[in-house]
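Heads up: the structure comes next, in structure tokens.
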Amino acid sequence: MERASSEATGRRVWGGKLLMNTRVQKVKVAVYSADPVSSAGLREYVRQSADLELSEDAPQVRIMADEGRLVPVLQNLNEYAGTDVAQILVGELPSGAVVHAVDAGLRAVLTPRRTDATSLARAVRTVAAGGTLLPPLLVTELVRHINRVQHEVLVPNGLSTSGLTTRELDVLRLLAEGYDTAEIATKLNWAQRTVKNIVRVLNSRLDLRNRTHLVAWAVRNGLI
């Protein structure tokens, strides 16, 4: 039987058939806990998952065990704030601290007594893919915070949570309804030049080609 392989291409020929290597890309994980027992337990959970790999030097995901005190938890989260490292807390987090924690990169909170190798691996894969796993109470607090920011900061300054101004959103909605420049200017009581400038600025900022592309972008992002 003919047998050959090519490491350079990642392909293998076996019995005259070309096969592709299907190696799983492992997620690199770091574990931190001041408690040696907790640290050893979490590391063992990581080792039990074939698609996870312990890596303290260049982790994609960092798992922390709750030390029972809020200040050390937030301080440890801040060590990776501003990086691409997604963080998981195995422990309790007061709802009042969730905004600070999420700003520092927290993406999942797991209850210690319900955490095992399977649930931890699932959480790691979720946050590595850009997702979150937060208890309902923390999600509620995040929504309340967004609402406060919107009503107390954004709206008074003509902004929105989408990153667009209310003027830009008004133009987008009317474009989506099929109105042309003159009609939009009449409805909003603006000069046509103002409408044209808003469309031009949006296309330039968002790297879009034309009005149709702009409306399609707004629809995809749930703005209209």
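Keep in mind that this is a model prediction, so the values were computed, not measured. Only this structure's heavy atoms are used, side chains among them; waters, hydrogens and symmetry mates stay out.
- Pairing each heavy atom of S38 with each of S33, the nearest pair is CB-OG, 3.5 Å.
- Side-chain contact between W190 and R167 is present, with heavy atoms from C-beta onward closer than 4.5 Å.
- Each of V201 and L214 belongs to its own hydrophobic cluster when Ile, Leu, Val, Met, Phe, Trp and Tyr are linked at side-chain heavy-atom distances under 4.5 angstrom.
- With rounding to the nearest 0.5 angstrom, the CG atom of L134 is 9.5 Å from the CG atom of L110.
- The CH2 atom of W217 lies 9.0 Å from the CZ atom of R220; values are rounded to the nearest 0.5 Å.
- Side-chain atoms of E168 do not come within 3.5 Å of backbone N or O of L202 as any donor-acceptor pair.
- S119 and D116 form a side-chain donor-acceptor contact under 3.5 Å, judged by distance and modelled atom types alone.
- Put simply, the side chain of S39 never gets that close to the backbone of D35: no donor and acceptor are under 3.5 Å apart.
- A salt bridge does not link K187 with E177: none of the charged nitrogens is closer than 4.0 Å to a carboxylate oxygen.
- Under a hydrophobic-cluster definition in which Ile, Leu, Val, Met, Phe, Trp and Tyr are linked whenever side-chain heavy atoms come within less than 4.5 Å, directly or via other members, V124 and Y80 are assigned to different clusters.
- No donor-acceptor pair under 3.5 Å is formed between the side chain of R62 and the backbone N or O of A86.
- The closest side-chain heavy-atom distance from D103 to H100 is not below 4.5 Å.
- When all heavy atoms of L52 and K26 are compared, the pair lying nearest together is O-CD, 4.1 Å.
- When each of L175, L172, V171 is tested with R211 by the rule side chain to side chain contact (heavy atoms under 4.5 Å, CB included), just one qualifies, namely L175.
- In D84, the CG atom is not crowded: 12 or fewer heavy atoms of neighbouring residues, nucleotides or ligands sit closer than 6.0 Å.
- The main-chain N or O of L223 is never found under 3.5 Å from a side-chain atom of N221 such that the two would form a donor-acceptor pair.
- Within the 3.5 Å criterion, the main-chain N or O of L77 finds a donor-acceptor partner in the side chain of Q87.
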Worked verdict on L188 versus L174 for side chain to side chain contact (heavy atoms under 4.5 Å, CB included): CA-CA 10 Å; L188 298 177; L174 291 174; 3.8 Å; yes
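- Residues Y45 and I88 share a single hydrophobic cluster, defined by chaining ILVMFWY side chains whose heavy atoms lie under 4.5 Å apart.
- Counting heavy atoms from C-beta outward, V102 and T132 have side chains that stay 4.5 Å or more apart.
- Residues G131 and R107 approach most closely at O-CB, 4.0 Å, considering heavy atoms.
- Atoms NZ and OG1, on K196 and T181 in that order, are 6.0 Å from each other to the nearest 0.5 Å.
- Listed here is the closest heavy atom pair of G91 and V109: O-CG1, 3.4 Å.
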Intermediate values then yes/no, salt bridge (charged side-chain N to carboxylate O under 4.0 Å, His left out), E152 and R144: CA-CA 12 Å; E152 297 174 13; R144 286 175 179 165; over 6 Å; no
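- Between the side chain of E44 and the main chain of G41, no donor-acceptor pair closer than 3.5 Å is present.
- If you chain together hydrophobic residues whose side chains sit under 4.5 Å apart, V29 and V90 fall into the same group.
- Minimum heavy-atom separation, E141 to V98: CG-CG1, 3.6 Å.
- Tracing side-chain contacts under 4.5 Å through hydrophobic residues (I, L, V, M, F, W, Y), one never reaches V139 starting from V127; they form parts of separate clusters.
- At least one donor-acceptor pair under 3.5 Å links the side chain of T83 to the backbone N or O of V85.
- Closest approach of A58 and K28 over heavy atoms only: O-CD, 3.6 Å.
- Here the CG atom belonging to L133 is positioned 12.0 Å from the CG atom belonging to L138, to the nearest 0.5 angstrom.
- Within the model, atoms CZ of R47 and CD of E53 stand 12.0 Å from one another, a figure rounded to the nearest 0.5 Å.
- Note: H151 NE2 to N147 CG = 6.0 Å, rounded to the nearest 0.5 Å.
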